Amino acid sequence: MYPELRTQTSPDEREQQVLARWKEHNVFGRSVNEHSSDKVFSFYEGPPTVNGVPGIHHVLSRTLKDVICRYKTMQGFRVERKGGWDTHGLPVELAIEKELGFKHKHDIIEYGVEAFNKKCREMVYANIANPAGWRAMTERMAYWVDMDRPYITCEPSYIESIWWALKQFHDKGLIYKGHKIQPYCPRCETALSSHEVALGYDTAKDPSVYVKFRRKNAAEEEYFLAWTTTPWTLLANLALAVHPDVYYVTVINKRKDKVERLVLAEALLTKLEGEYEVVSMVKGSELEGHQYEPLFDFLVRDPEYGPKLANAYKIVNDTYVSTEDGTGIVHQAPAFGEDDYRVAQKYGFPVIVTVTGSGEIADVITDYKGQFFKDADPHITDALKRKGLLYRKETIEHTYPFCWRCDSPLMYYARDSWYIRVTDYRKELYEKNKTINWQPPEIGEGRFGNWLEDLKDWGISRERFWGTPFPLWVSEDGKEIKAVGSFEDLVGAEWLDDAGNPTGKLFTKEDAITFDPHKPNVDKLAFKTKSGYLRRVPDVIDVWFDSGSMPFAQYHYPFENKDLFEQAYPADYISEGIDQTRGWFYTLHAINTFLFGKPPYKNVIVNDMILDKNGQKMSKSRGNTVNPFEALTTHGADAVRWNFLSSSVPWKPKLYNADDIAELERKFFNTLLNTYGFFALYANIDGYERKAESFIEPAKRSEMDRWILSKLNSLVKECTVWMDGYDLTRPARAIETFVIEEVSNWYVRRSRRRFWKGEMNADKQAAYDTIYECLLTVSKLMAPIAPFMSDILYNALGAGVSVHLAAYPTATDSIIDTALERRMQKAQIISSLVRQMRERAKIKVRQPLARILVPSGNRVEIEELRKVEDIILDEVNVKRVEHIEHGDSDVIKRKAKANYKLLGAQLGKEMKNVAARIATMSDDEITSYERQGYIDLQITTTTHRIERGEIEIIAEDVEGWLVASEYGVTVALDTEITEDLALEGLGREVINRIQNTRKEIEHFKVEDRIDEIRYFTNSIILQKALEANKDKIKEETLTGSVSSAMVKFPPEDKPNPFATFNESKGIYINHLFKAFNIEDEELKVEIIYYQDQANKKQG
RNA sequence: GGGCCUAUAGCUCAGUUGGUUAGAGCGUCCGCCUGAUAAGCGGGAGGUCAGUGGUUCAACUCCACUUAGGCCCA
């Protein structure tokens, strides 16, 4: 028995049952383990931040991961999917700080780093176990990934692998200490990540000052004009930057009582007040090296800094200088701007920090020392004004970053930091990226490629607490550095006490086994050398280094599992959001390509954001976020997954629209269920089973069967090609179309009669085999995308435990028949045209008509069409088709049209004229062309010979007939309704009414019989129609007898319907009375059917 | 300022290597069909294929620029 699937259960209940079954049969485990490790498809899971909240966009990226992994599994690969957790870093630290009510970094130190990190660890493991979080979402959406044995970035073994990697970098001389300009909160005394900075942007009123820098060695008094919104940085000014390709002018500027010579970008002359006259113009590159006098002399005077400044206070060139705002001359304070810093490195300027870590002006600036940096702004401006170096001062409102925790204005601030010199192998990263298959390619070439092209060194140290400790031990003078590459490397190091003093106790091999390297534990180890002790650099490393190390660290490589690592490296496939371009995609590439010489992944699918249905970004404040659990339970995971893939390609921003998902449920999933339901209904009646011995060879099946099988095999072929190319959208759309259009709306619609008529015979068997084949293959094709529905279908068809243990279908080329597909398409076009004409003529499809006329170009076309003739006739309810060759009939009017593609190539400019001439070809000319196979057309003075195939002949009209044409196909319809046809039409009306009535009767199954129909009507024509179609009516409505009778309708003394019990037969005899209106005539019917007691009781 | 992407019907999207009636779904109005269907079919209304220029016999398609929007970087 094929079970009924269209029960009232919700998608959620339906899918929960499947989840339970998977669990019971360990389907995921089997789907991996039943494939040998000879054929491995390697997948890397990007670790989610452990205390993050899963959102709807994660459902998208996890769908992309899952679909490919399931597909490759079905293709016979062993696809292990080790889950992972990103557990270190600020997200966790901040959550704990919030819990403890901390405001400052020193709160953590006072609280105790050991206790703090203990709390971090507890939160990490609590989140991993959290039943309402990631794990629940992942399971509910059927993303198959091994979450029972995940890699966890804070585990000692994971950290040890990272240490190994960092030592490799160090051994190659790629780790160095430098400055890094970071967004920095002076109150919290910590650098902020870019993500945090983005949280804190707000509008601020800041001074906007134009400052004059006096040019040295100039014939006349002359000033460079620069602009800034941060006067406090002027104290650290060391240079002025101009763009080498921008033109700069010297002007004589007159305003109020002043006249002065100024230099600025030509494009920004509008910034000047008063009148000006341009005296000269040069390119920025020519200004390079010109010197100017410092605004203040604090630094020059200083015994420490002074000597380093010989090279400073001059014009430098850099292309980052813009002419958007300001003056085109940018003041440079290397300690307080990323570009400034970079330019300083380029020109060899020192980095002088004039503000302390807590935001106060440093002692070296004797006049302002101790002032909060922002508070110093007005004082500095006043000083400049007194010195006559202030050109103009205004206040502007712009967006500026503030600390999202304490609201202090942030500063960009140079800090000591450790770097990996990725620039050393930038070229290799750039070149090897080209071997990665990016989907879409433009992200690989563009966004990622450009990023690699102007890569900067990677600052990897962080002055925080909960993270992978940086494994460098350094002597006091910084000259001796020891990189530790394993816990064993620590053997022999000396334990320090809490105050940092050596205890004489050494780190042993046993210590290495149980060692937890987290702070502060690791800071209590020091190495004794000749000169003293090497102590650990107290920093932790960037969490992105953690996740980028997962290819080897997840296996604790190289300390164990060498084989596992090598088998899995590089990954065949990864997939994440576009935000990971500079995140995980990059760190994976940068770390692993260095370590292993080849990129860590071969194929990537990148997905873009999910927007709400109006195209708005989702955010909590807008209140338009979508709860993934809610989406998954209301629509079912299948519908959500399918919609994500089919609505648009993953790498375009996607609009989330619940209505679209609901429509998909109705149109696709319900149609599929109904198609199955139709099959199951009749298969159960006929006791059909798929058996090898009764299987009908596809080649011996009907035109219709061979057609759908051809389409099916074409679909399999296409889907395989697309899936292999990491295109998931096309398969989803194609499967949808196949199920809705080809199977349901054409194959089943046109084949229904075969299922419900008569006994089991070869044709019926073929029909069952065919639809079974379609359903089973579709269940496999859709399994990667809709893992639930496909499995339900697969199970219902009795095909096995789970579709996810089955092989992906392969196409049989011999079954694909393109000629058949073409002629069926033509049959569909003709059917559509006939329905169009019926609409115009106001003749219902139920009314049979005598004939249609189809003009064809030649015999071959006619022969092709003959093969699908019956299908057309049945579909449009017409008795016969008349085929005519164009040339053989006078009634057909033809039109000639140029084949642009063919002719255009050879004719070139003449094309227009020739095409126009062809369009006016007479009927005689067309006939002549068809007979000879060519025609000579004269256009002005030249004659063009047009060969066969270069003109298309289309039958456009048939005189005296109703005609319609589309896609080059023309059909004429005979609209005459003879008396016989009219009677037959009425007969079909009667059948229709009775069929509708059958459906109204409770508990009346499609195969149940009506025993007797009695009818009464005053209409002569209806009487005639009933007489003429009696047999047909009996046959179609499964009725024993049909007879005319004088009955009262409805009987006054009885309910309608009523039943009598026949004791001798033990059955109920039911009487149902109905009156129908057919063509304005009344027909009264008494329908009599028997039901046995058992059936009746049900009612 | 730089890079990438996008712009086709009221909405969501197709549109193959340039080739001559630019399509589908949703929505809307009229009609039809239905013995699996919460479906389906036919018709009506709705398009300056964002704009300008270029290449070409021919441009939604290729090129350049412009405009608008998005993302990333600065």
Side-chain angles (χ1 to χ4, degrees), chain A residues 6 194 243 319-325 337-339 440 442-451 453-454 578-579 581-582 608-609 611 613-615 617 646-649 651-655 657 659-660 662-667 670-682 729-730 733 736-737 740-741 744-746 748-749 752-753 755-757 831-840 842-846 875 877 897-915 919 964-968 991-992 994-996 998-999 1005-1007 1036-1038:
Chain A
R6 283 164 301 167
S194 57
H243 194 293
T319 52
Y320 95 89
V321 175
S322 99
T323 50
E324 273 294 287
D325 43 30
E338 215 173 322
D339 284 306
E442 58 270 18
I443 289 186
E445 285 162 29
R447 193 176 284 212
F448 196 61
N450 292 335
W451 162 253
E453 222 173 347
D454 47 37
I578 192 165
D579 51 321
T581 312
R582 284 154 175 88
D608 208 312
M609 307 194 300
L611 309 171
K613 67 174 176 185
N614 301 315
K617 215 172 183 172
S646 68
S647 68
S648 68
V649 288
W651 46 87
K652 284 186 187 173
K654 192 177 295 290
L655 311 191
N657 188 348
D659 295 341
D660 287 350
E663 190 193 329
L664 186 70
E665 279 177 80
R666 280 204 318 274
K667 287 214 145 155
N670 278 352
T671 302
L672 183 62
L673 277 180
N674 282 321
T675 306
Y676 165 80
F678 172 83
F679 161 78
L681 179 65
Y682 291 102
T729 300
R730 280 200 166 93
R733 285 178 175 167
E736 225 177 292
T737 306
I740 299 172
E741 301 298 333
S744 175
N745 286 341
W746 191 249
V748 174
R749 186 152 62 97
R752 276 181 294 206
R753 199 157 281 266
F755 291 93
W756 76 62
K757 272 188 112 174
S831 303
S832 154
L833 289 171
V834 175
R835 278 194 298 262
Q836 247 180 71
M837 288 184 280
R838 281 180 171 275
E839 165 78 17
R840 265 190 275 153
K842 301 273 173 229
I843 302 173
K844 291 179 169 186
V845 177
R846 224 180 269 135
E875 172 71 12
N877 197 16
K897 203 177 99 185
N899 182 330
Y900 281 83
K901 206 167 188 173
L902 278 180
L903 283 174
Q906 31 171 306
L907 291 176
K909 292 195 175 179
E910 277 298 293
M911 185 63 207
K912 250 180 200 156
N913 295 328
V914 176
S965 63
E966 195 178 40
Y967 304 114
I991 291 167
N992 167 260
I994 293 172
Q995 299 291 32
N996 287 343
R998 283 177 64 102
K999 281 205 269 187
K1005 298 195 211 103
V1006 283
E1007 70 269 29
E1036 293 285 315
T1037 61
L1038 300 180

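The analysis underlying the following values was restricted to heavy atoms, covering all of them including side chains, and did not include hydrogens, waters or symmetry mates. Because the structure is a prediction, the values reported are computed rather than measured. We name chains A, B, ... by the order of the sequence lines, and we start the count at 1 in each one.
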*Asks:* Hey, could you give me the CZ/CE distance between R835(A) and M837(A), rounded to the nearest 0.5 Å?
*Replies:*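 The CZ atom of R835(A) sits 11.0 Å away from the CE atom of M837(A).
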*Asks:* Base, sugar-phosphate alone, or nothing: which one does V321(A) contact when heavy atoms must sit under 4.0 Å apart?
*Replies:*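 Counting heavy atoms under 4.0 Å across all strands, no contact is made by V321(A).
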*Asks:* Rounding to the closest angstrom, what is the interatomic distance between G19(B) and A58(B) at atom P?
*Replies:*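 My reading of the P atoms in G19(B) and A58(B) gives 14 Å.
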*Asks:* C73(B) base to R447(A) side chain: any donor-acceptor pair below 3.5 Å?
*Replies:*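 Counting by modelled atom types and ignoring angles, no donor-acceptor contact under 3.5 Å is found here.
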*Asks:* Please give me the minimum heavy-atom distance between F678(A) and F755(A), naming the atom from each residue.
*Replies:*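 Smallest heavy-atom distance, with atoms named: CE2-CD1, 3.5 Å.
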*Asks:* Side chain of R846(A) only, heavy atoms from C-beta on: which candidate in C26(B), U20(B), C33(B) is closest?
*Replies:*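 The nucleotide sitting nearest to the side chain is C33(B).
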*Asks:* Using the P atom in both, what is the distance from C62(B) to C49(B), to the nearest Å?
*Replies:*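 It comes out at 16 Å once rounded to the nearest Å.
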*Asks:* Select from V748(A) and Y900(A) the residue whose nearest nucleotide in RNA chain B is closer to the 5' end of that strand.
*Replies:*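 Nearer the 5' end of the strand: Y900(A).
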*Asks:* Mind calculating the distance between CE (M837(A)) and C1' (G31(B)) to the nearest angstrom?
*Replies:*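 M837(A) atom CE is separated from G31(B) atom C1' by 17 Å.
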*Asks:* When you compare the side chain of R749(A) with that of E875(A), does any pair of heavy atoms fall below 4.5 Å?
*Replies:*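 Yes; the side chains approach each other to less than 4.5 Å.
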*Asks:* Are Y676(A) and A36(B) close enough that a side-chain N or O sits under 4.0 Å from OP1 or OP2?
*Replies:*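 Looking at the OP1 and OP2 atoms of A36(B), neither is under 4.0 Å from any side-chain N or O of Y676(A).
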*Asks:* Say we look at U8(B) and G2(B): how far apart would their C1' atoms be, to the nearest angstrom?
*Replies:*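 That atom pair is separated by 30 Å.
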*Asks:* Atom CZ of R838(A) to atom P of G31(B): distance rounded to whole Å?
*Replies:*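 Between P of G31(B) and CZ of R838(A): 18 Å.
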*Asks:* Say we look at A24(B) and G44(B): how far apart would their P atoms be, to the nearest angstrom?
*Replies:*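 So the two P atoms sit 11 Å from each other.
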*Asks:* Between atom CG in N450(A) and atom C1' in C5(B), what is the gap in whole Å?
*Replies:*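 Those two atoms, CG and C1', are 13 Å apart.
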*Asks:* Which part of the nucleic acid, if any, lies within contact of D339(A), taking any heavy atom under 4.0 Å across all strands shown: a base, the sugar-phosphate backbone alone, or nothing?
*Replies:*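 Answer is sugar-phosphate: D339(A) comes under 4.0 Å of backbone atoms only.
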*Asks:* Under 3.5 Å, side chain of R838(A) to main-chain N/O of L833(A), donor-acceptor pair present?
*Replies:*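 Not confirmed, R838(A) side chain does not pair with L833(A) backbone.
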*Asks:* Suppose you measure atom C1' in G42(B) against the same atom in U34(B); what distance do you get, rounded to whole Å?
*Replies:*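 To the nearest whole Å, 15 Å.
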*Asks:* Have a look at G677(A) and say if it touches a base, only the backbone sugar-phosphate, or nothing, with a 4.0 Å heavy-atom cut-off.
*Replies:*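 Counting heavy atoms under 4.0 Å across all strands, no contact is made by G677(A).
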*Asks:* N877(A) and R846(A): which non-hydrogen atoms are nearest, and at how many Å?
*Replies:*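 Heavy atoms of N877(A) and R846(A) come nearest at ND2-O, 3.0 Å.
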*Asks:* Heavy atoms from C-beta onward define the side chain here; which of C33(B), A36(B), G19(B) lies closest to that of N674(A)?
*Replies:*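 My answer, after comparing the listed nucleotides, is A36(B).
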*Asks:* Let me confirm one number: the CE-CG distance from M609(A) to L655(A), rounded to the nearest 0.5 Å.
*Replies:*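 CG of L655(A) is found 10.5 Å from CE of M609(A).
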*Asks:* Can you tell me how far P in C4(B) sits from the matching atom in C60(B), rounded to whole Å?
*Replies:*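 The answer is 25 Å between these two P atoms.
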*Asks:* Provide the closest heavy-atom pair for T729(A) versus S646(A) in the form atom of the first, atom of the second, distance.
*Replies:*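 Of all heavy-atom pairs spanning T729(A) and S646(A), the closest is CG2-O, 4.1 Å.
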*Asks:* For the side chain of E442(A), starting at C-beta, report the closest nucleotide among C4(B), C33(B), C57(B).
*Replies:*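 Of all the options, the side chain of E442(A) is nearest to C4(B).
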*Asks:* Looking only at heavy atoms, what is the nearest atom pair of H243(A) and V321(A), with distance?
*Replies:*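 Scanning both residues, the minimum pair turns out to be CD2-O, 3.3 Å.
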*Asks:* What's the gap between U52(B) and U67(B) when it is taken at their P atoms, as a whole Å value?
*Replies:*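 Looking at atom P only, U52(B) and U67(B) are 15 Å apart.
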*Asks:* In whole Å, I'd like the distance from the CG atom of L903(A) to the P atom of C57(B).
*Replies:*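 L903(A) atom CG is separated from C57(B) atom P by 15 Å.
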*Asks:* Evaluate the side-chain proximity of D608(A) to K654(A): yes if any heavy-atom separation is below 4.5 Å, no if none is.
*Replies:*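 No, side chains not in contact.
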*Asks:* Go nucleotide by nucleotide along RNA chain B from the 5' end; which of D608(A) and T675(A) gets its closest nucleotide reached first?
*Replies:*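 Its nucleotide being nearer the 5' end, the pick is T675(A).
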*Asks:* Would you kindly give the CD-to-P distance between E663(A) and A38(B), to the nearest whole Å?
*Replies:*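 Result: 15 Å.
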*Asks:* Specify the separation, in whole Å, of atom CH2 of W746(A) and atom C1' of U34(B).
*Replies:*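 Spelled out: CH2 on W746(A) to C1' on U34(B) is 15 Å.
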*Asks:* Would you mind reading off the distance between N657(A) atom CG and G25(B) atom P, rounded to a whole angstrom?
*Replies:*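 Computing the N657(A):CG to G25(B):P distance gives 18 Å.
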*Asks:* Nearest to the side chain of N992(A), heavy atoms from C-beta on, is which of A36(B), U12(B), U34(B)?
*Replies:*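 Comparing A36(B), U12(B), U34(B) against the side chain of N992(A), the answer is U34(B).
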*Asks:* The side chain of N670(A) lies closest to which of these nucleotides: A38(B), G25(B), G15(B)?
*Replies:*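 Nearest nucleotide to the side chain: A38(B).
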*Asks:* Should L664(A) and E736(A) count as side-chain neighbours, where that means a heavy-atom distance under 4.5 Å?
*Replies:*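 They are in contact (side-chain heavy atoms under 4.5 Å apart), so the answer is yes.
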*Asks:* Nearest to the P653(A) side chain among U21(B), G70(B), C32(B), which nucleotide is it?
*Replies:*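 So the nucleotide nearest the side chain must be G70(B).
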*Asks:* Let me confirm one number: the CG-CG distance from L611(A) to N657(A), rounded to the nearest 0.5 Å.
*Replies:*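 Answer rounded to 0.5 Å: 12.0 Å.
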*Asks:* Compare the minimum distances between each of C13(B), U20(B), C26(B) and the side chain of L655(A), then state the nucleotide with the smallest one.
*Replies:*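 The closest nucleotide is C13(B).
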*Asks:* Between the protein and nucleotides 39-41 of chain B, list the N/O to N/O atom pairs that are separated by less than 3.5 angstrom.
*Replies:*
unit_1	atom_1	unit_2	atom_2	d
A39(B)	OP1	R666(A)	NE	3.2
G40(B)	OP1	K667(A)	NZ	2.8
C41(B)	O2'	R835(A)	NE	2.6

*Asks:* Pairs counted only when both distances fall under 3.5 Å, Watson-Crick or G-U: show me the 5' to 3' dot-bracket for RNA chain B, [ ] for pseudoknotted crossings and | for other-strand partners.
*Replies:* (((((((..((((.....[...)))).(((((.......))))).....(((((..]....)))))))))))).
*Asks:* Considering only U17(B), U37(B), C57(B), which nucleotide approaches the side chain of K901(A) most closely?
*Replies:*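 Nearest to the side chain of K901(A) among the choices is U17(B).
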*Asks:* Work out how far the C1' atom of G25(B) is from that of A36(B), and round it to whole angstrom.
*Replies:*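 It works out to 22 Å between them.
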*Asks:* Could you check how far CD of E875(A) sits from P of G42(B), rounded to whole Å?
*Replies:*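 That distance rounds to 10 Å.
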*Asks:* Go through U6(B), C71(B), G19(B) for me and flag the one nearest to the M911(A) side chain.
*Replies:*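 The nucleotide sitting nearest to the side chain is G19(B).
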